[in-house]
Amino acid sequence: MQIYLDHGATTPTRHEVIDFMADVMRSQWGNPSSLHWWGERSTMVVERSRLQVASLLNADPEGVIFTSGGTESDNMVMMGIARQYSTPQHMIVSSVEHSAIRLPASFLAEHGWEITYLPVDRLGLVNPQDLQKALRPNTVLVSIIAAQNEVGTIQPIEKIGMICRNANVLFHTDAVQAIGKLAIDVQFLPIDLLSISAHKFYGTQGIGALYINPLIAKKMIPLMLGGGQERGYRSGTQAVAAIAGLGLAAELAEQELDSETKRLTHLRDRLYTLLADIPDLIPTGATGAARLANHLSFYHKYIDGRRLVREMNLAGIAISSGSACSSGAIEPSPILLQMGYSETEAKNSIRLTLGKANTEADIEWTSLVMHQILKVSH
Ligand SMILES: Cc1ncc(COP(=O)(O)O)c(C=O)c1O
């Protein structure tokens with residue numbers, strides 16, 4: 001029996017998406033910038049996807065820019081806004097951002113920018129009052145992750161966004177982990193910029209989008225200069241088939257959001273209950289509604305997270321330690337350190353992220369295997 005519980009790292013591409021992408025590659029392969037019939041047919045695919053992504057976010061389709069994924073969208077915001085200014089200014093990010101925000105922030109700091117890292121509590125939550133206090137006259141951007149990839153904590157995005165809007169400061173959120181698990185409505189929520197990535201919600205790797213509130217247009221210098229595609233924000237011939245897949249994945253995610261969130265929350269809570277009696281396995285991150293529906297995270301008091309990942313893998317179950325994007329690294333998870341955990345606790349952290357194909361039987365089996373492994377290892 002093989003069980004995949006690492007949907008936070010990537011999700012399997014849905015078969016509907018694969019089939020649709022194959023059709024597009026066979027029959028709508030023109031360059032969307034071309035003026036002839038072939039080009040028009042590809043433009044139709046790209047624009048339909050834009051509508052599908054916009055609908056998922058309740059956004060103006062004008063604001064949806066296709067990128068190569070979460071990392072590019074995050075970099076585009078941080079570097080694109082910074083390049084708008086001739087002298088360094090001030091930005092605010094949380095201390096639990098993904099490296100796609102964290103590293104651009106440290107790059108900018110090395111180049112004279114002032115960066116405030118908002119602290120988080122033991123659950124990984126930012127305090128909006130700290131944001132209020134951190135704002136300065138020269139703050140040009142606030143970027144706070146919507147849902148943390150390692151510990152599943154969901155930030156109070158509405159409160160954070162309101163503070164930014166009242167202060168007339170741009171607000172970006174990395175919603176890569178949130179999409180498909182949280183309803184995000186950019187007309188209702190005060191969000192100016194938002195990053196998404198298709199491979200976290202059953203599209204393919206290497207495609208994503210950045211939502212840019214059309215009202216703030218022209219406050220960002222593009223990273224890619226060239227043919228002027230994507231309203232000049234992201235030059236380069238669009239990846240038509242991947243974009244088609246992203247659009248379909250977005251439409252299906254929107255349709256299934258309520259039922260899937262409910263189902264995953266039930267499975268998450270069931271697994272949490274089943275694992276609760278394992279000695280020395282301590283949950284991390286927020287609980288209940290402030291936690292992603294598909295996300296469980298722990299640290300073990302004595303066992304290295306990577307060792308547990310390997311032992312679970314031998315038993316046919318995929319989980320991850322720390323962030324999968326950096327799980328080759330031996331350093332303790334910087335996220336757990338920021339949340340106040342010790343180096344050992346941060347090194348011993350694991351994450352289990354559920355997805356569409358997981359069943360009750362998977363949950364029961366995972367619990368049995370983990371009980372067994374941790375009984376033997378201890
Ligand atoms: C919160 C978050 N942001 C950004 C990324 C990077 O996205 P991509 O893999 O599409 O570059 C990830 C990937 O794990 C993520 O979890």
Side-chain angles (χ1 to χ4, degrees), residues 4-13 17 53 64-80 93-106 120 124-126 143-155 157 160 172-182 184 191 193-211 223-224 234 239 242-243 245-246 249-250 253 285-286 291-297 309 318-329 333-336 338-339 349-355:
Y4 184 76
L5 296 180
D6 199 14
H7 294 82
T10 200
T11 56
T13 308
V17 168
V53 172
V64 175
I65 303 298
F66 294 117
T67 66
S68 65
T71 302
E72 182 183 332
S73 297
D74 286 352
N75 272 264
M76 194 164 156
V77 171
M78 298 291 285
M79 308 306 276
V93 300
S94 85
S95 51
V96 291
E97 294 301 312
H98 186 271
S99 48
I101 291 289
R102 205 166 63 237
L103 293 186
S106 29
V120 292
L125 283 164
V126 162
S143 180
I144 310 282
I145 192 165
Q148 217 293 321
N149 42 303
E150 286 185 44
V151 293
T153 300
I154 297 168
Q155 298 295 343
I157 288 302
I160 290 169
H172 166 252
T173 187
D174 174 340
V176 166
Q177 292 289 339
I179 294 297
K181 288 142 233 153
L182 269 189
I184 293 191
I191 293 173
L193 301 138
L194 178 141
S195 305
I196 72 170
S197 176
H199 75 102
K200 307 291 185 180
F201 58 99
Y202 308 95
T204 50
Q205 293 150 356
I207 189 73
L210 176 65
Y211 162 73
L223 296 184
M224 303 286 199
R234 210 281 188 172
I243 288 173
L246 163 63
R291 182 174 194 98
L292 281 175
N294 72 328
H295 199 294
L296 295 102
S297 58
V309 171
I319 65 167
S320 70
S321 76
S323 167
C325 297
S326 55
S327 63
S333 148
I335 305 302
L336 271 281
Q338 289 297 332
M339 288 164 62
S349 67
I350 55 162
R351 170 181 83 171
L352 290 75
T353 38
L354 316 178

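Note that the structure is a prediction, hence the values are computed from the model and not measured. Residue numbers start at 1 and run along the sequence shown. Order of listing sets the numbers, starting from 1, for every ligand and every atom in it.
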- Kindly compute the distance separating OG (Ser195) from CD1 (Ile65), expressed to the nearest 0.5 Å. 12.5 Å

- With sequence neighbours left out, what residues match His7 under ring-ring contact (aromatic ring centres under 6.0 Å, His included)? Tyr4

- Task: Give, for atom CG of Leu125 and atom CD of Gln148, the distance between the pair rounded to the nearest 0.5 Å.
- Result: 11.0 Å

- Message: For Met76, is there any backbone N or O sitting under 3.5 Å from a side-chain donor or acceptor partner on Arg234?
- Response: no

- Item | Nearest heavy-atom neighbours spanning Lys181 and Lys200 | NZ-O, 4.0 Å

- Item | Atoms of ligand 1, numbered as shown, that sit under 4.0 Å from any heavy atom of Ser197 | 8 (P), 10 (O)

- Task: Consider ligand 1: state whether an atom of it lies below 4.0 angstrom from any non-hydrogen atom of Gln205.
- Result: no

- Query: Would you say the side chains of His295 and Arg291 form a donor-acceptor pair under 3.5 Å?
  - Reply: yes

- Measure the distances from the heavy atoms of His199 to every atom of ligand 1 and state whether one is below 4.0 angstrom. yes

- Message: Using a 4.0 Å cutoff against the non-hydrogen atoms of Gly69, which atoms of ligand 1 qualify?
- Response: 10 (O)

- Note: ligand 1 atoms sitting under 4.0 Å from heavy atoms of Thr71 are 6 (C), 7 (O), 8 (P), 11 (O)

- Task: List every atom of ligand 1 that sits less than 4.0 Å from any heavy atom of Asn149, numbering the atoms from 1 in the order shown and giving each element.
- Result: 1 (C), 16 (O)

- Query: Numbering the atoms of ligand 1 from 1, which are under 4.0 Å from a heavy atom of Ile145?
  - Reply: 1 (C)

- How close do Ile144 and Thr173 get, heavy atom to heavy atom, and via which atoms? O-OG1, 2.7 Å

- Query: Polar-atom distance check: Gly8 versus ligand 1, any N or O pair below 3.5 Å?
  - Reply: no

- Tell me which part of Lys200 gets within contact of ligand 1: side chain, backbone, both or neither, using heavy atoms under 4.0 Å. side chain

- Query: Does the N or O separation between Ser68 and ligand 1 drop below 3.5 Å for any pair?
  - Reply: no

